[in-house]
Chemist: 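Mind having a look at this structure? Questions to follow.
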Amino acid sequence: MLVWKTEKIPIECVVRGYLAGSGWKEYQETGKVCGVSLPAGLRESEKLPEPIFTPATKEEGGKHDQNISFDDMAKIVGKELAEELRNISISLFNFASQAVAKKDLILADTKFEFGILRQADGARELILIDECFTPDSSRFWEKDQYRVGISPPSFDKQFVRDYLDKIGWNRLPPVPSLPEDNMRKTREKYLEAFTRITGKKDIS
């Protein structure tokens with residue numbers, strides 16, 4: 001394995017093509033998502049006029065990431081880098097959306113993490129770090145189960161979210177342990193998504 005050490009950018013680069021999750025909750029309260037104004041009257045899970053970039057802070061120690069506006073992100077990393085990250089993230093989202101559509105899946109939203117690699121000559125290179133386009137970072141829906149106005153079943157860690165909501169976890173450390181059955185169901189859903197997207201039956 002070849003490993004490069006980068007300077008991690010403390011931002012979750014989130015792109016949303018549909019109004020779901022925390023974005024839906026924020027829209028109901030403000031008519032916006034991370035400072036991005038959206039048309040009035042949108043319903044849950046509705047496709048947005050175009051994908052929007054909605055960054056979040058990258059928190060450590062089990063703390064919950066916080067949605068922020070693009071302007072707030074620019075104050076943290078600088079306007080030039082913020083714009084570069086936004087453009088790359090939206091391009092990657094569009095690429096993946098078209099790819100999974102051929103598998104009868106919808107990519108509702110996803111997130112990326114980036115780092116900066118410093119070259120010996122002083123030049124910098126922006127590197128995509130961490131996994132991407134997996135159920136851990138992305139919300140995939142079945143096309144034939146998609147409906148506006150509901151939260152469609154998704155290939156993600158919903159089993160984990162449901163359990164944490166059930167036990168009333170306040171999203172503060174320490175993170176609760178998960179039951180074996182919960183972990184098994186989540187793993188099965190992840191493998192199902194892997195097979196659908198890649199056409200492979202195992203990850204070896």
Chemist: Output all residues satisfying side chain to side chain contact (heavy atoms under 4.5 Å, CB included) with I88, sequence neighbours left out; order by chain, then residue number.
Modeler: E84, L92, F114, L126
Chemist: Would you please indicate yes or no on a ring centroid separation below 6.0 angstrom for F133 and F112?
Modeler: yes
Chemist: Decide yes or no on side-chain contact (heavy atoms from CB on, under 4.5 Å) for D104 and D144, but give the supporting numbers first.
Modeler: CA-CA 8 Å; D104 293 323; D144 62 1; over 6 Å; no
Chemist: So, for I106 and V100, which heavy atoms are closest and what is the spacing to 0.1 Å?
Modeler: C-CG2, 4.4 Å
Chemist: So do W169 and V175 actually touch side chain to side chain, heavy atoms under 4.5 Å?
Modeler: yes
Chemist: How about CD on E80, more than 12 heavy atoms from neighbouring residues, nucleotides or ligands closer than 6.0 Å, or not?
Modeler: no
Chemist: Looking only at heavy atoms, which two atoms of L42 and Y27 are closest? And how far apart?
Modeler: N-OH, 2.9 Å
Chemist: Looking at residues at least two apart in the chain, or sitting in another chain, which of them share a side chain to side chain donor-acceptor pair (under 3.5 Å) with Y190?
Modeler: D136
Chemist: According to side chain to side chain donor-acceptor pair (under 3.5 Å), who are the partners of R16, at least two apart in sequence or on a separate chain?
Modeler: S22, T54
Chemist: Can you name the residues that form a side chain to side chain donor-acceptor pair (under 3.5 Å) with D165, not counting sequence neighbours?
Modeler: none
Chemist: Could you tell me whether R196 and E192 make a salt bridge, using a distance below 4.0 angstrom between a side-chain N and a carboxylate O?
Modeler: no
Chemist: For the NZ atom on K47, are there more than 12 heavy atoms of other groups (residues, nucleotides or ligands in this structure) within a distance under 6.0 Å?
Modeler: no
Chemist: Taking the side chain as every heavy atom from C-beta outward, state whether T110 and C132 have any pair of such atoms under 4.5 Å apart.
Modeler: no
Chemist: Roughly how far apart are E113 CD and E12 CD, rounded to 0.5 Å?
Modeler: 4.5 Å
Chemist: Check this for me: R187, atom CZ, are more than 12 non-hydrogen atoms of other residues, nucleotides or ligands nearer than 6.0 Å?
Modeler: no
Chemist: If you round to the nearest 0.5 Å, how far is CD of Q66 from CD1 of I68?
Modeler: 10.0 Å
Chemist: Count I, L, V, M, F, W, Y as connected when their side-chain heavy atoms are under 4.5 Å apart, and connections chain through other members. Are W4 and I9 then in the same cluster?
Modeler: no
Chemist: Taking only residues two or more places apart in sequence, or in another chain, which ones meet S69 in a side chain to side chain contact (heavy atoms under 4.5 Å, CB included)?
Modeler: D71, D72
Chemist: Might you point out which heavy atoms bring W141 and S154 nearest each other, and give the distance in Å?
Modeler: CD1-CB, 3.6 Å
Chemist: Does D130 come within less than 4.0 Å of K8, counting only side-chain N to carboxylate O?
Modeler: no
Chemist: Considering only heavy atoms from C-beta outward, does the side chain of R147 approach that of S45 to under 4.5 Å?
Modeler: no
Chemist: Grouping I, L, V, M, F, W and Y whenever their side-chain heavy atoms are under 4.5 Å apart, do Y146 and L107 come out in a common cluster?
Modeler: no
Chemist: For A101, is there any backbone N or O sitting under 3.5 Å from a side-chain donor or acceptor partner on K143?
Modeler: yes
Chemist: Nearest heavy-atom pair of F140 and P135: which atoms, and what distance?
Modeler: CE1-N, 4.2 Å
Chemist: Hydrophobic clustering (ILVMFWY, side-chain heavy atoms < 4.5 Å, transitive) - are L85 and I76 grouped together?
Modeler: yes
Chemist: Give a yes or no on whether M183 and V160 share a hydrophobic cluster (residues Ile, Leu, Val, Met, Phe, Trp, Tyr; joining criterion: side-chain heavy atoms under 4.5 Å apart).
Modeler: yes
Chemist: How close do R43 and W24 get, heavy atom to heavy atom, and via which atoms?
Modeler: C-CZ3, 3.5 Å
Chemist: Once you round to the nearest 0.5 Å, how far does CZ of F70 lie from CD1 of I11?
Modeler: 10.5 Å
Chemist: About how many Å separate CG of L117 and NZ of K5, when rounded to the nearest 0.5 Å?
Modeler: 12.0 Å
Chemist: Would you say F93 ends up clustered with I127 if hydrophobic residues are merged whenever their side chains have heavy atoms under 4.5 Å apart, either directly or through other cluster members?
Modeler: no
Chemist: Decide yes or no for S137 and E131: does some side-chain heavy atom of the first lie under 4.5 Å from some side-chain heavy atom of the second?
Modeler: yes
Chemist: What pairs with N170 under side chain to side chain contact (heavy atoms under 4.5 Å, CB included), at least two apart in sequence or on another chain?
Modeler: L172
Chemist: Minimum heavy-atom separation for A56 to N67, with atom names?
Modeler: CB-OD1, 3.8 Å
Chemist: Which value, rounded to the nearest 0.5 Å, describes the distance between R118 atom CZ and I116 atom CD1?
Modeler: 5.0 Å
Chemist: Kindly compute the distance separating NZ (K111) from CZ (R139), expressed to the nearest 0.5 Å.
Modeler: 13.5 Å
Chemist: Is there side-chain contact between L105 and I197, with at least one heavy-atom pair below 4.5 Å?
Modeler: yes
